[in-house]
Amino acid sequence: MLTLECPYCGVKAEETELQAGGEAHLKRFGPGSSDEDFDGYMFMRKNPKGVHFERWRHSYGCGKWFLAARCTATLEVFGTYPAQTSEPPAELQARIKAKRPTWGGYK
Amino acid sequence: MSEAVSALNGKSSSGFATVSEAGLQGMITLRGDLKSAKLKKAVKAATGVDVPAQRRIAIKGDKGAGWMSPDELLILVPYADARATVEALTKALDGEHHLVADVSDARAMFRVKGAKADQVLMKLCPVDIATLADGELRRTRAAQVAAALWKSETDEFTLVSFRSVAGYVFGALELSARPGSEIC
Amino acid sequence: MSTRLARGGRLIDRTKPLNFTFNGRRMQGYRGDTLASALLGADQMLLGRSFKYHRPRGLVASGAEEPNALVGLGEGSRFEPNQRVTTTELFEGASAASQNHWPSLEFDVGAINNTFGRFLPGGFYYKTFMFPRFAWKHLFEPVIRRSAGLGKVPQDRDADRYEYAYGFADLVIVGGGIAGLAAALQAGKEGKRVLLIEQTAQWGGRAPVDGVEIDGKPADEWVKKTVEALGKMANVTLRLRTMASGLYDHGYLLAYERIADHTPGDGRPRHRLWRIRAGHVVTATGAIERPLSFAGNDIPGVMLAGAVRDYVVNWAVSPGDRTVVVTNNDDAYRTALALADAGLIVVAVIDARTSVKGALPDAVRAKGIRVLEGRGIAKVKGSKRVTGVSVCTQAGEGGEIEAITCDAVAMSGGWSPVVHLWSHCGGKLIWDDARAMFRPDAAKPPTGDQGEAMVTAVGSANGALTADEVLADVASQIGGKAAKTNTVAEAPLEPVWIMPQGAGPQLKMKMWLDYQNDVKVSDVQLAAREGYHSVEHTKRYTTLGMATDQGKLSNINGLAVLSDALSQAIPQTGTTTFRPPYTPISMGAIAGEARGDIFQPLRKTPMDEWHGANGAYFEPVGLWRRTYCYQRPGESVHDAVNREIVNARSKVGMLDASTLGKLIVKGSDAGRFLDMLYTGVMSTLPVGKCRYGLMCNENGFLSDDGVVVRLSEDTWLCHTTSGGADRIHGWMEDWLQCEWWDWKVYTANVTEEYAQIAVAGPNARKVLEKLGGMDVSAEGLPAMEWREGLLGGLRARIYRISFSGELSYEIAVPASEGLALWKALIAAGEEFGVMPYGTEAMHIMRAEKGFIMIGDETDGTVIPQDLNLNWAISKKKADYLGKRAQERSHMASPDRWKLVGLETLDGSVLPDGVYAVADGVNANGQRNVQGRVTSTYYSPTLKKGIAMGLVKHGPDRMGEVIDFPADGGKVIKARIVDQVFYDKEGAKQNV
């Protein structure tokens, strides 16, 4: 059972206090978008073995959504950060790259 | 209003710690920019305490304020003062993006008292109660429902839950405080 | 025979005798006994029957690894099957019963399987039950069900209570032997927050039994001193009778504390399940001795050498008068010495090694005990009890050299570290050839949330065998200086996987690997021949290691035999996966506090108690408890529902609608936000008015509905369904926090702040007017508007909205005044014929009006357009959640099933969920369908069945009759009609 530190309230919350929200950094495609773009937004997920960016909500806590970078194979947590961003912080990306040199980036 | 009744009407039980529903308590949700001068002033005026820092709760007499999230405070006042406080806060924050909602009746408050009160909470909350600082407000779950708790006095914890599950929370606290189940 | 010795027993208190029964026979033991030692002390060697062949079985071990001695323990509400006697502390009045036999333990019909054992080889189930198919159901399964399975299911409600506890520590040390104690002492001195747990009731582990001396003193003294020192450290917590059950992600350790198993009925919780978050875990879990595989190694009286020593030293119980020790290592010589010291006869030590030298064998020889080198046991003689052994050369095929008469055999095949916790969460093992064991690979530990090693294995759990090695390992890994011990040098063991080496098929068929599941050397070899080369496949094919002991004894021997059969090295074969729990834990502990009234949160409205006192027949709605109907004495549920509807339609009814979700949305961007959330336009809703709205998910499907209220220029109140409040609030916050975080909107879930009561019916206005205080006239409060004021002295907000089709007001007051309002309305409404109504009446009335219900008309695949709700979907808005999805070709297809009313030709009620069939069959040969029923009720208003359903091209087919096949081959014919059955003009509510 995972623990993740909520970047808003600083609590190292356990999984039962959290709600998982799937892959992070999806770009929304609305009316006017192509079928392909919408299909990708709605259904296509990376599901990697390795570095992954996820949405989590501190639901039994401050109620805020945050993002987490985590290795799906070892469950190592590289970091958590507020959701109000369209890409992972550069510092975090560098840290992941240092730990997982073969990582191809969050996109 | 004389006909107002709290969720469990002050129900209480004695085990190795005493568990009681605290009765009617004024509680207000205040959402806004916690750094704004206007909000700080409004909170101070309404409660007599400063806007609490992250995860802190400040109580002065029968009023107080607790940090619920980066943009939300829990304002504590006597039940009878809740409406007036909502109005005062609303007025004070006029022109600034905010939300004030009276939630006194949406919630239930409990006190767990006794030298081993911490052990009651240890059985229900995935929180390191031993390292919970004085004046720290922790939002978590109590068994299967959301709760907020803090150490309100030496040997006393206060716990807030939603009103509809007050019976459930009381049941879980009462069971956890039964004599013979002390953890150490 | 096994018996209690006159002297000794470091754990028992002879001044405290305890009475207990086994299969009804009265026996006596002492405080400090386990049920196992007490039974053995009372000469009860035969304790059960094996799973498959029903062979007589006795104790093999003295701890958690015991595979055979499982009993039904206790009676009535405290009965529990499959209790391991070796881990059950004896208590006064204990009652145990053996399992898995019929009619009795001594005479068991099932033992005939034993005679025909050669017809029940590995994979027997798979092979036999393939053909003919009918035989499984009618022949094999009934027979197997009767003869298989361990223990009986308890019949009574469990009298005990259970609980969880959440624990936190920098360092959790598992195992209270000398390794664990030394590690705790060191970590404690360093100021770490330490939790030390031990599964048994004593500290010290094996060292005191093995004659270890530390710092020149017997281990017992060192243990006592160390425990005292630890007890004085405020940062160290000690917990006995607490078994680490499993280790999970990020240092999450489950531990099972058996608080009152040995003091049943004393008022304490029976078990406590600890959910511990450990900064780091030290496994000091010791090692488990391996049996040797020789023919007849399962006959009662054949035991592990270490266990024999435990029974003699700890509990002063001798397993037999004449014991033969059989071994491939030096450690077993300690057993010979312990037996000799207790005055018992050790006939011989049979050692598979050809040349045996060293301090321990010399000490044994010095006692005049014969040591037979290069020898093995060809077979054990006896059936329900050992009567002797046949000695052979280990290198040969089993020809008898000598017959020895004995009544006990103490065997040792070496020791295997307990690596379960290390392995549960991904720690890898390496094969140590010199010690013939898998031990933790320190280079590949289980890792925590920072990618760091989260477990350190120390002592015997890390492969250390002597006290010196154990303490040195702790010192090197945890820190501190290792204490000096009296360790003597031991010669290496010689791996022996079968005995004798050249044993033929007859012998191999009697060499047990897995005692409980009756898996033998021959079964594993057969599996290998049949192509089961993966150890995981072999496990499942033969059931090796699948019994309740989970292969603690059988694992290494089994895979060594498999490796041999496959002509490959043991590391290539590998081990099966270790999974939690380490030993079985009770269902009660898993449930914790969640039983009875607090099994699940039950959400109650402020008027709940009144409902209960007034005939409420409750139903769950999500976690809410709502009143389905209010039954009067002698009245059926159906009649009550009909009465409530007729009354509401003719006079006035009251519904507790407090469970409706109520979400405040406020801010300068709130209107814009709600326009994105709802399919309709909410930004243009004037203050003081209400508007019905629909919410879809991004897939376009309808997810919730409700009435939106404009409270002020920048504030809206959104009503959601009762089950949807938290979900929709979360949905709003998700979009606000993660997508439109620059929009100025705050939300608050105030669902529980208000009690809400619907007053509906022709007399509704009269009731409110009687309470007085607010203008609720047609002009003062028109439909779809709201007002605030004092109603009967209570501060209230009244919404003129109707879900029943009647003149209807929904009144919201603070929850703490909900009961007061409810009672005031009942009193005021008395002269107007008011009656409360429940959720079923509400459902039927809305169906009579053709209103949809989320969860009935929707199932996660229905879009608003399917429900003819286009009027609630804005054509002008560029975007709303779900809009893009609804533009997809399949969503826009004219062939989608659409909502219609359905009226049976005979007036009967259609079954819920039935499908309408169409002509022809589909590609799978199934009948084509063209629609289904979504809501169906008996309407007391119309006195006939009414239904709504989704039908292909439905709205274009008014008047057409379609077929609904129902149970029993019956076909119900129903006509497609308008979905509004009652008051189509809406005259009733516009008054």
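Naming convention: chains lettered A, B, ... in sequence-line order (proteins, then strands); numbering from 1 in each chain.
- Atoms OH and CG, from B/Tyr168 and C/Asp597 in turn, are 11.5 Å apart once rounded to the nearest 0.5 Å.
- Rounded to the nearest 0.5 angstrom, C/Thr605 OG1 and B/Arg163 CZ are separated by 9.5 Å.
- If you measure heavy-atom distances from B/Val169 to chain C, you find no contacts under 4.5 Å at all.
- The part of C/Leu602 that comes within reach of chain B is its backbone (N, CA, C, O), which places non-hydrogen atoms under 4.5 angstrom from that chain.
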Do C/Ser816 and B/Leu24 pass the side-chain contact (heavy atoms from CB on, under 4.5 Å) test, and can you show the C-alpha distance, the side-chain angles, and the key distance before you say yes or no? CA-CA 8 Å; C/Ser816 60; B/Leu24 291 166; 4.0 Å; yes
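- Residue contact with chain B, scored on non-hydrogen atoms closer than 4.5 Å, involves the backbone of C/Val745 exclusively.
- Between B/Arg107 and C/Glu752, the closest side-chain pair of non-hydrogen atoms is not below 4.5 Å.
- Looking at B/Glu182, the atoms closer than 4.5 Å to chain C (heavy atoms on both sides) all sit in the backbone: N, CA, C or O.
- Residues C/Glu163 and B/Ser181 form a side-chain contact, since some pair of their non-hydrogen atoms from C-beta on lies under 4.5 Å apart.
- Interface remark: C/Glu609 contributes no atoms to any contact with chain B (heavy atom separation under 4.5 Å).
- At a 4.5 Å heavy-atom cutoff, the contact between C/Arg272 and chain B is made by side-chain atoms alone.
- Of the listed residues (B/Leu175, B/Val165, B/Asp102), the one with the most heavy-atom contacts under 4.5 Å to chain C is B/Asp102.
- Between B/Ile183 and C/Trp274 there is a side-chain heavy-atom pair separated by less than 4.5 Å.
- Side-chain atoms of C/Arg277 do not come within 3.5 Å of backbone N or O of B/Val127 as any donor-acceptor pair.
- Side-chain contact between C/Arg268 and B/Pro179 is absent, with no heavy-atom pair separated by less than 4.5 Å.
- At a threshold of 4.5 Å between non-hydrogen side-chain atoms, the residues B/Ser164 and C/Trp624 count as touching.
- At most 12 heavy atoms of other shown residues, nucleotides or ligands fall within 6.0 angstrom of atom NZ in C/Lys744.
- Considering only heavy-atom pairs separated by less than 4.5 Å from chain B, the leading option among C/Glu257, C/Arg625, C/Arg239, C/Lys823 is C/Arg239.
- The backbone N or O of B/Ala4 sits nowhere less than 3.5 Å from a side-chain atom of C/Glu817 that would complete a donor-acceptor pair.
- Of all non-hydrogen atoms in C/Glu593 and B/Leu124, the two that sit nearest each other are CG-CD2, 4.3 Å.
- Proximity to chain C (any heavy atom under 4.5 Å) is restricted, for B/Ala101, to the side chain, taken from C-beta onward.
- Residue contact with chain B, scored on non-hydrogen atoms closer than 4.5 Å, is absent for C/Tyr252.
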Start with the C-alpha gap between C/Lys666 and B/Arg31, add the side-chain angles, then the distance that decides, and say whether side-chain contact (heavy atoms from CB on, under 4.5 Å) holds. CA-CA 10 Å; C/Lys666 180 173 188 280; B/Arg31 294 194 64 179; over 6 Å; no
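- With a 4.5 angstrom heavy-atom cutoff, C/Thr747 touches chain B via backbone and side-chain atoms both.
- Between the CD atom of B/Gln144 and the CD1 atom of C/Ile598 there is a distance of 8.5 Å, given to the nearest 0.5 Å.
- Under the 4.5 Å side-chain criterion, counting only non-hydrogen atoms from C-beta, B/Arg178 is in contact with C/Arg161.
- Of the listed residues (C/Ala594, C/Gly267, C/Ala165), the greatest number of heavy-atom pairs within a distance under 4.5 Å of chain B belongs to C/Ala165.
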When you look at B/Asp128 and C/Arg193, which way does the salt bridge (Lys or Arg N to Asp or Glu O under 4.0 Å) test go after all the steps? CA-CA 12 Å; B/Asp128 190 359; C/Arg193 191 173 171 194; 2.6 Å; yes
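- Residues B/His97 and C/Tyr746 bring their aromatic ring centres within 6.0 Å.
- Put simply, CZ on C/Phe168 and CD1 on B/Ile129 are 8.0 Å apart, with the number rounded to the nearest 0.5 Å.
- Heavy atoms of B/Asn9 lying under 4.5 Å from chain C are absent altogether.
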